[in-house]
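Working notes, beginning with the structure itself.
The figures here come from the full heavy-atom set of this structure, side chains too, leaving out hydrogens, waters and symmetry mates. Just so you know, residue 1 is the first one in the sequence shown, and it goes up from there.
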Amino acid sequence: MAADAGISAALQQVSAERIRANIEKLVSFGTRLTISPQDADSIRAGHGVGAAREWIKAEFERYSKDCGGCLEVKADSFTEPAADRIPQATEITNVYAVLKGTDAENAKRIVLVTGHYDSRPSDTLDVKADAPGANDDGSGTAVSLECARVLSKLRFPATIIFLTVAGEEQGLNGSHHFAKLAKEQGWNVEAVLNNDIVGGDKSARQDHSVVRVFSEGLPTAATEQEIKRIRGLGGENDSPSRQLARYIADVGRTYETGVKPMLVFRLDRYLRGGDHYSFNQQGFAAVRFTEFREDFHHQHQNVRIENGIEYGDLSKFVDFDYVAHVARLNAATLASLASAPAPPANVHLLTKDLENDSTLTWEPSRGGRAAGYEILWRATSSPEWEHVQKVGNVLRTTVNLSKDNVIFAVRAVDAQGHMSLPVVPTPER
């Protein structure tokens, strides 16, 4: 991947001090529990999830004013019925800002960054206890906000959505609603970057040089027939989300962000979940960013000291420089994808004849921005792409490699070197 000078310059505008201010502001609301107060009096008093929601919306609007109205700020509100962690029907609101693409056709393509702005104490039904939520997930919310502030100063062919959701701690409610909305309305969401617990907690054995990137293997939304085909082809490691994770790794090698992505090939942490799963359920490529080592004394805990141990998700445990590094990695990924042409369509690997060469075909990248195409391949046992071959502006090529021994993919490239997500071929007889 070739570095884009404009993207590199934008990354320098990411500010750890602004991120600190945003996280501390979120903490100041006392609690952001989804079922905490959101009435007018509480909002005026600056307390509860409603006050946090209105502040986030005002921040997006301020960024939009600074860029001449380039952001369309929206609220996605719905009523979640009573459930295990929601004692009575509750209004939940996702707040987001849209930076619409400059090219009419490519603007239909969407890349999205998200974090959840709700927080929780030890008891998910306790509306009175403090729930600072500095790391979980003030840090992820701050990443979305800072990406919006920095990238709104640039223009891209494709559309970027900067999203903050609520209801994560009560059951991924906000992200589930938003992802379902995107699916029902036919949005072409190419990539979702979910940031949850990216505060670089200042605990022993933390590694501030890396951030984990989790991605699903077998696609959650795949049908039984599709899963059977994936298993038959040995494609368990090549979901669209895995291609997104590999793309992030390439971005991390191209741009100096201060942190390197550590690819973890599983949906999420062991037996745990997050908002990217809501998007996976709807068939979208989505990954999760999380710090290398979590401190569970600082998550989902009432603020207190017991037996000399300090509990609670407080700002003083957050490394704001680390959050800024993660924001740069997110911003570089969003900008690279939004600058790139659409991925090639209907990529196939011909299998009619038994032969040791491999012939791939594809349809043009939609939107007319592709200047050429590249073939990628790697050993079946390798986690990342190992080889690339430029093939020019063609729709068919033959490679002197056996399809038995490697995994192939095709990606589109524009005249400036911006690369699309790679697409793994399906067999065509």
- Query: Rounded to the nearest 0.5 Å, how far apart are OG of Ser119 and CG of Asp137?
  - Reply: 10.0 Å
- Task: Quick one: sort the His298 and Phe317 rings into parallel, tilted or perpendicular, breaks at 30° and 60°.
- Result: parallel
- Message: Any side-chain to backbone donor/acceptor pair from Arg149 onto Gln13? Under 3.5 Å, distance only.
- Response: yes
- Task: Scan Ile161, Ile160, Thr159 and name whichever one has a side-chain contact (heavy atoms from CB on, under 4.5 Å) with Lys100.
- Result: Thr159
- Message: Tell me whether Asp268 is salt-bridged to Arg288, with the criterion being a basic N under 4.0 Å from an acidic carboxylate O.
- Response: yes
- Side chains of Val98 and Leu71: does their closest heavy-atom pair fall under 4.5 Å? no
- Strictly under 6.0 Å, is that where the ring centroids of Phe178 and Tyr96 end up? yes
- In this structure, CD of Gln389 is separated from CD of Glu374 (nearest 0.5 Å) by 10.0 Å
- Query: Are side-chain N/O atoms of Ser36 and Thr31 paired as donor and acceptor at under 3.5 Å?
  - Reply: no
- With side chains defined as the heavy atoms from C-beta onward, is the minimum distance between Leu151 and Phe162 less than 4.5 Å? yes
- CG of Asp201 to CG of Asp295, rounded to nearest 0.5 Å, is 4.5 Å
- Message: My understanding is that only residues two or more places apart in sequence, or in another chain, count here; which of them pass side-chain hydrogen bond (donor to acceptor under 3.5 Å, both in side chains) with Lys108?
- Response: Glu105
- Among Gln299, Glu294, Glu291, side-chain hydrogen bond (donor to acceptor under 3.5 Å, both in side chains) partner for Asn135: Glu291
- Message: Go through it in stages, so that I can follow the logic: the residues are Arg253 and Glu384, the test is salt bridge (Lys or Arg N to Asp or Glu O under 4.0 Å), and I'd like the CA-CA distance, side-chain angles, deciding distance and then a yes or no.
- Response: CA-CA 13 Å; Arg253 288 186 287 266; Glu384 294 192 53; 3.0 Å; yes
- Query: Which atom names give the shortest non-hydrogen contact between Leu33 and Leu125, and what distance separates them?
  - Reply: CD2-C, 4.3 Å
- Query: Are any of the side-chain heavy atoms of Tyr311 and Asn302 separated by less than 4.5 Å?
  - Reply: no
- Item | Test item: side-chain donor near acceptor, Glu80 and Asn173, under 3.5 Å | yes
- Taking it one step at a time, do Ser215 and Ser241 satisfy side chain to side chain donor-acceptor pair (under 3.5 Å)? CA-CA 6 Å; Ser215 58; Ser241 296; over 6 Å; no
- Message: Are Arg328 and Gln12 packed together at the side-chain level, in the sense that at least one heavy-atom pair is separated by less than 4.5 angstrom?
- Response: no
- Note on the structure: Lys74 meets the salt bridge (Lys or Arg N to Asp or Glu O under 4.0 Å) criterion, sequence neighbours left out, with Glu72
Show me the donor-acceptor pairs within less than 3.5 Å that the side chains of residues 420-429 make with the rest of the protein, sequence neighbours left out.
from: Ser420; atom 1: OG; to: Ala412; atom 2: N; distance (Å): 2.9
from: Glu428; atom 1: OE1; to: His348; atom 2: ND1; distance (Å): 3.0

- Message: Could you check whether atom CZ of Arg366 has more than 12 heavy atoms from other residues, nucleotides or ligands sitting under 6.0 Å from it?
- Response: no
- Strictly by modelled atom types, are Ser339 and Asp4 linked by a side-chain donor-acceptor pair under 3.5 Å? no
- Message: So for atom CD, which belongs to Gln185, do other residues, nucleotides or ligands contribute more than 12 heavy atoms lying within a distance under 6.0 Å?
- Response: yes
- SB check Glu236 Arg242 (cutoff 4.0 Å): no
- Are Leu112 and Glu190 side-chain neighbours, meaning at least one heavy-atom pair lies under 4.5 Å? no
- Check the pair Asp238 / Gln243 against side chain to side chain donor-acceptor pair (under 3.5 Å), numbers first and verdict last. CA-CA 7 Å; Asp238 281 284; Gln243 307 313 334; 2.9 Å; yes
- Output the distance between atom CG (Leu360) and atom OH (Tyr373), rounded to the nearest 0.5 Å. 13.5 Å
- Message: Quick test of your reading of the model: are Glu54 and Lys57 salt-bridged, counting only N-O distances below 4.0 Å?
- Response: no
- Going by distance alone, is a donor N or O of one side chain under 3.5 Å from an acceptor N or O of the other, for Ser278 and Ser175? yes
- Message: To the nearest 0.5 Å, what is the distance between CD on Gln281 and OG1 on Thr220?
- Response: 6.5 Å
- pair Ser239-Leu218: side-chain heavy atoms closer than 4.5 Å: no
- If you count the non-hydrogen atoms of other residues, nucleotides and ligands that lie under 6.0 Å from CZ in Arg205, is the total more than 12? no
- Does Ser152 reach the main-chain N or O of Cys67 with its side chain, forming a donor-acceptor pair under 3.5 Å? no
- Query: Please walk me through it: do Ser144 and Thr164 pass side chain to side chain donor-acceptor pair (under 3.5 Å)?
  - Reply: CA-CA 7 Å; Ser144 279; Thr164 65; over 6 Å; no
- Query: Between Val143 and Leu145, is any pair of side-chain heavy atoms under 4.5 Å apart?
  - Reply: no
- Arg85/Glu169 ion pair, N-O < 4.0 Å: no
- Message: As a test of understanding, state which of Val213, Val111, Val287 forms a side-chain contact (heavy atoms from CB on, under 4.5 Å) with Leu244.
- Response: Val287
- Query: So Arg229 and Glu226, salt bridge (Lys or Arg N to Asp or Glu O under 4.0 Å) or not? Walk me through it.
  - Reply: CA-CA 5 Å; Arg229 185 193 69 202; Glu226 288 168 336; 5.6 Å; no
- Query: Can you find a side-chain donor-acceptor pair between His116 and Asp136 that sits under 3.5 Å?
  - Reply: yes
- Query: Taking the side chain from Ser315 and the backbone from Ala134, do they hold a donor-acceptor pair closer than 3.5 Å?
  - Reply: no
- Message: Looking at Lys228, I'd like to know if its NZ atom is crowded, meaning that more than 12 non-hydrogen atoms belonging to other residues, nucleotides or ligands lie closer than 6.0 Å.
- Response: no
- Message: Quick check for you: to the nearest 0.5 Å, what is the distance between Glu24 atom CD and Asn22 atom CG?
- Response: 10.0 Å
- Return yes when atom NZ of Lys260 has more than 12 non-hydrogen atoms of other residues, nucleotides or ligands closer than 6.0 Å, and no otherwise. yes
- Message: For Phe284 versus Trp187, what's the shortest heavy-atom pair and its separation?
- Response: CE2-O, 3.9 Å
- Task: Evaluate whether atom CZ of Arg396 has more than 12 neighbouring non-hydrogen atoms of other residues, nucleotides or ligands under 6.0 angstrom away.
- Result: no
- Item | Asp84, CG: over 12 other non-hydrogen atoms inside 6.0 angstrom | no
- Tell me, do Phe289 and Leu329 make a side-chain contact under 4.5 Å, heavy atoms counted? yes
